[in-house]
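Chain letters run A, B, ... following the sequence lines, proteins first and then strands; every chain starts at 1.
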Protein chains: 2
Amino acid sequence: MRADARENRARVLAVARDLFAERGLEVPMAAIARRAGVGVATLYRRFPTKESLVVEAFSEQFAVCQGVMDDALQDPDPWLGLRMVIEKVCLLQACDRGFTAAFMASFPDLHSEVRDRTWLGFVALVQRAKDSGHLRADFSPHDLTLVLVANGGLSSLPAEVAVAASQRLVAYLLESFRAGTDALPPPVPLSLDLVLGQAVPDNSVGR
Amino acid sequence: MRADARENRARVLAVARDLFAERGLEVPMAAIARRAGVGVATLYRRFPTKESLVVEAFSEQFAVCQGVMDDALQDPDPWLGLRMVIEKVCLLQACDRGFTAAFMASFPDLHSEVRDRTWLGFVALVQRAKDSGHLRADFSPHDLTLVLVANGGLSSLPAEVAVAASQRLVAYLLESFRAGTDALPPPVPLSLDLVLGQAVPDNSVGR
DNA sequence: TGCTAAGTGGAGACCCCCGTCCGCTTGAGG
DNA sequence: CCTCAAGCGGACGGGGGTCTCCACTTAGCA
């Protein structure tokens, strides 16, 4: 790959990251190209589809997520680990308008091995936190998804308040998650697979 | 207005309500027309813009909202009233994919008198609930917006789980809202006006 | 310095959506 | 039954999105 091409590719990625964070995934490819000072074709030569650009642009953030989970698993205090996972991932979500959508969009593509390993790790963390007596007994690992989806809804807020709103929401929720509170309705079996398998029927208007 | 025209209008409205609830506001006008068995022009003769159709289709739900708030204000137990407001409005949101967006879109048009009256009523309800000792002292009326926006995020879930997820989320949150729990970071001044005034800059690609 | 393959950008094909226009159809009063 | 305004539907204009094609430019090696 030629030197100038490599530089262009890097600039495109940086611009894409910025714009996705600022405006969400619906930012047009042409806008990214213009801001990066290249033509649309250059984008499409390096990233065959918009989705591939999205995945590449967010791969760093996904790695951070992975790291957060690993750290949490190694924390001797499982309750603290759990709190950290929720707080940090929600903060990532709140700071980056495109993060949730990118996460959802690329989740099926993430190597299922990685994905399953992470999920099982979280399940174990939840169990340890319950055993330690700090996490309420009827907390379900699926509640992580619940928190993520709810917190993702905040990305419709203007950036100035999104972070503060997310922090307050998470604080409220974490307080409920602590042991010693009353019983809840049964947990929702809310796997990410379910979230992703949304039917989008009958979009073919021409029939 | 001719009899057949009135019938068509009613059918369009019914179909629109169904489709908006099922798929959200981004359902095309053509799809509504097709399902209602009419042409696109018929839609636009009765409803000059898509937005006007949305507002009309959801006016019933908005009235329900208003009623919920009124009921809550008249409940002798302010904490119960507060719970009811949150639970019922969140349920409406969870059952209807288009509700949140329609609410946001039509909010500026709602006569500001109605809007202010409702808001002030809620603020009063919050104060009474605090005075009764059931609601935590650092709860902010703006937290209602926080709950609504977070709960609105759940509408990205498939319909089968959205309601259950919403109920669990609300149950968690209400538990935190009860008096006697620890202090939280300061409340977010999260008015609906702020939510609505989202900048959508630089969308004019042609420059 | 000259050659060539890699790289480039913009025009445009294709699709989807909102909203309009216009020639045809039909309800219903006389 | 006849008339005609009210009603109708589909074609179409305009705009914005993704992605492709192709004639031109340039980096970098000999």
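Looking at heavy atoms from C-beta onward, Q61(B) lies out of side-chain contact with F103(B) at the 4.5 angstrom threshold.
Across the interface with DNA chain C, nearest-nucleotide mapping of M1(A) and M29(B) shows M1(A) to be the residue nearer the 5′ end. Between V27(A) and V38(B), the residue whose closest nucleotide on DNA chain D is further toward the 5' end is V38(B). The residue among A41(A) and T49(B) whose nearest nucleotide of DNA chain C lies closer to the 5′ end is A41(A).
At whole-Å resolution of the value, CZ in F47(B) and P in dC18(C) are 15 Å apart. For the pair K50(B) NZ and dT20(C) P, the interatomic distance rounds to 15 Å; values are reported in whole Å. Between L43(A) atom CG and dT18(D) atom C1' the separation is 11 Å, expressed in whole Å. Rounding to whole angstrom units, CD1 of residue I32(B) and C1' of dC16(C) are separated by 15 Å. In this structure, L25(B) places its CG atom 15 Å from C1' of dC17(C), rounding to the nearest Å.
Checked for salt-bridge contact, R9(A) and E56(A) meet the test: a charged N lies under 4.0 Å from a carboxylate O. Contact check on E175(B) versus R136(A) returns a salt bridge, with a Lys/Arg side-chain nitrogen under 4.0 Å from an Asp/Glu carboxylate oxygen.
Applying the side chain to side chain donor-acceptor pair (under 3.5 Å) rule to R117(A) yields no partners; only residues at least two apart in sequence or on another chain are considered.
Contact annotation: Y44(A) side-chain N/O to dC19(D) OP1/OP2 distance is under 4.0 Å. At the phosphate of dC8(D), OP1 or OP2 sits under 4.0 Å from a side-chain N or O atom of R46(B).
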Per-pair distances, 0.1 Å, donor-acceptor, side chain in residues 40-47 of chain B, under 3.5 Å, sequence neighbours excluded:
none

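For DNA chain D, the residues of residues 2-17 of chain A within the heavy-atom distance limit of 4.0 Å (strictly under) are R2(A), A3(A), D4(A), sorted by number.
Note that the CG atom of D143(A) and the CG atom of L173(A) stand 9.5 Å from one another [nearest 0.5 Å].
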